[in-house]
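Worksheet for the structure shown next.
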Amino acid sequence: MRPLKKIAEDIENDWQEKVNHGARPYLDVMHSLNAVTDRFGMDTGDSIVRYFLSNATTWRGPVARSIKAELKAMIK
């Protein structure tokens, strides 16, 4: 599996419009994580990814679908 920080870079590069304000804080944290087992304060990487996905519904397209599937596979 790819590190979350690499995935976060790919999201930033693809999300053409301004990143949704609800997804932004979680995406920012993902830049500092390697895996869903990492922690950020009291939150796990798993919960950060889940919160990101729930707030990233406006990010669409083939890259978005692919990365969202990759993230969902990481949190199962």
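Keep in mind that the numbers below use all heavy atoms, side chains included, and drop hydrogens, waters and symmetry copies.
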From Thr57 atom OG1 to Lys68 atom NZ, the distance as rounded to the nearest 0.5 Å
6.5 Å

So the ring pair (Phe, Tyr, Trp, His ring centres under 6.0 Å) pairs with at least one residue in residues 21-44 (sequence neighbours excluded) are Tyr26-Tyr51

Sequence-distant partners of Pro25, side chain to side chain contact (heavy atoms under 4.5 Å, CB included), two or more places apart
none

State the CG-CD1 distance between Leu27 and Ile7, to the nearest 0.5 angstrom.
11.0 Å

Nearest 0.5 angstrom please: Phe52 CZ to Ile67 CD1, how far?
8.0 Å

For Thr58, the side chain to side chain contact (heavy atoms under 4.5 Å, CB included) test, sequence neighbours excluded, returns Trp15, Asn20

Who pairs with Arg24 by salt bridge (Lys or Arg N to Asp or Glu O under 4.0 Å), at least two apart in sequence or on another chain?
Glu12, Asp28

The criterion is side chain to side chain contact (heavy atoms under 4.5 Å, CB included); which residues satisfy it with Asp14, sequence neighbours excluded?
Trp59, Val63

So which atom in Asp38 and which in Asn34 form the shortest heavy-atom distance, rounded to 0.1 Å?
OD2-N, 2.7 Å

Kindly compute the distance separating CZ (Arg50) from CG (Asn55), expressed to the nearest 0.5 Å.
14.0 Å

Given Leu4, Thr37, Val49, the one that forms side chain to side chain contact (heavy atoms under 4.5 Å, CB included) with Met74
Leu4

Less than 4.5 Å apart, any side-chain heavy atom of Met30 and any of Leu71?
yes

Who passes salt bridge (Lys or Arg N to Asp or Glu O under 4.0 Å) against Arg2, sequence neighbours left out?
Asp10, Glu70

